[in-house]
Amino acid sequence: MPSRPRKYWLMKSEPDVYSIDHLAKDGKAEWDGIRNYQARNFMRDEMKVGDLVIFYHSNAKPPGAAGVARVASAPYPDPTQFQKKSKYFDAKSSKDDPRWILVDVEFVERFDELVGLGDLKGDPALEGMLLIQKGQRLSIQPVDKKHFKRVLTVAGAKTKVS
DNA sequence: GCCAACGTTGGC
DNA sequence: GCCAACGTTGGC
């Protein structure tokens, strides 16, 4: 039994860099490269194994919700922060006190058709969803259960949320 | 490619 | 602690 109700999330990824198809192929991935404190805090403090995630394609043509993933590990330090050759290297971070934390994410399903940002914005049932607020750029964000379920419905998803 | 919105950095 | 400068995000 989960010790708290399952939470719901949305995580953005640029499909040119890492798409839902990449995740489908890999099965599981380290969600590395997050260098925003608010996004890090969600992974470090609030995500639990089993939480469901909308996998969102950003900077894409078109942008939109591409599928579903699941949190698959406890939080742990992002290894790329210590790799000098990585674009995510952070000289100010130390192994004793790592600044950047990530979780593993595993593939659940790929939507038959991407639910475009325009459709999300035009859906009255999604009113108030963080993603569609003006100026909102957080790459990891919480999603209300009702909004999460709505996106799955619109997508014709196989994943069911009780 | 443009640029609005937002976050971070660093001088003071 | 303020805030200008700068860098990034991400839709268009």
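Residue numbers start from 1 in every chain, and the chains themselves are labelled A, B, ... in the order their sequence lines are given, proteins ahead of strands.
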Quiz item: Can you check whether Y37(A)'s main-chain N or O pairs, donor with acceptor, with N41(A)'s side chain at less than 3.5 Å?
Solution: yes
Exercise. Quick one: label K61(A) by what it contacts on the DNA or RNA (base, sugar-phosphate, nothing), any heavy atom closer than 4.0 Å.
Key: nothing
Exercise. Could you list where the contact with chain A starts and ends along DNA chain C, reading 5' to 3', using a 4.0 Å heavy-atom cut-off?
Key: dG7(C) to dC12(C)
Self-check item: ring pair (Phe, Tyr, Trp, His ring centres under 6.0 Å) contacts touching residues 103-151 of chain A (sequence neighbours left out)
Solution: Y8(A)-F148(A)
Exercise. Quickly, which of V161(A), V151(A), V53(A), V108(A) forms a side chain to side chain contact (heavy atoms under 4.5 Å, CB included) with V68(A)? Name it, please.
Key: V108(A)
Quiz prompt | First of R35(A) and K134(A) reached from the 5' end of DNA chain B, by closest nucleotide | solution = K134(A)
Practice problem: Please collect all ring pair (Phe, Tyr, Trp, His ring centres under 6.0 Å) contacts where either partner lies in residues 59-84 of chain A, sequence neighbours excluded, each pair once. | Solution: none
Quiz prompt | Any donor-acceptor pair under 3.5 Å from D51(A) side chain to K7(A) backbone | solution = yes
